[in-house]
Amino acid sequence: MQYLLLGLAALACPIGMGLMMLMMARGMRSGGGGAADPAERREVAGPRAEVALLKAGRPVGTRRG
């Protein structure tokens with residue numbers, strides 16, 4: 001009985017990790033990874049524009065808060 005409990009405890013982590021990976025993969029397929037909130041989109045738009053300017057070789061102005 002003791003060995004059975006030790007075996008179950010040793011398998012709990014890998015089995016749990018596999019289940020979490022399956023759940024995350026299922027969520028990615030359903031399109032749940034994007035920023036749907038308009039406030040989140042505005043928050044991300046500024047840094048994306050800065051990255052685009054840096055890639056184009058243009059200087060980025062100072063940010064005003």
Side-chain angles (χ1 to χ4, degrees):
M1 183 70 178
Q2 179 182 0
Y3 297 113
L4 179 65
L5 291 175
L6 286 174
L8 287 175
L11 290 176
C13 183
I15 290 173
M17 185 66 72
L19 289 173
M20 282 191 283
M21 289 175 61
L22 285 173
M23 300 277 279
M24 288 175 63
R26 185 178 297 167
M28 297 278 274
R29 274 188 256 137
S30 68
D37 187 19
E40 289 180 36
R41 289 184 184 157
R42 282 192 303 269
E43 191 173 319
V44 172
R48 282 190 179 162
E50 288 183 15
V51 168
L53 288 174
L54 289 171
K55 283 184 178 179
R58 300 180 192 157
V60 178
T62 59
R63 295 182 81 179
R64 292 178 215 144

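Below, each value reflects all heavy atoms present in this structure, side chains not excepted, and no hydrogens, waters or symmetry copies. Here the structure is a predicted model, which is why all the values come from computation and not from measurement.
- Clustering ILVMFWY residues whenever any of their side-chain heavy atoms sit less than 4.5 angstrom apart, transitively, puts Ile15 in a cluster other than the one holding Leu6.
- Arg48 contributes atom CZ, which lies 10.0 Å from atom CZ of Arg41 (distance to the nearest 0.5 angstrom).
- With sequence neighbours excluded, the residues that form a side-chain contact (heavy atoms from CB on, under 4.5 Å) with Met17 are Met20, Met21.
- A pairwise comparison of heavy atoms in Ala10 and Pro14 identifies O-CD, 3.4 Å as the closest pair.
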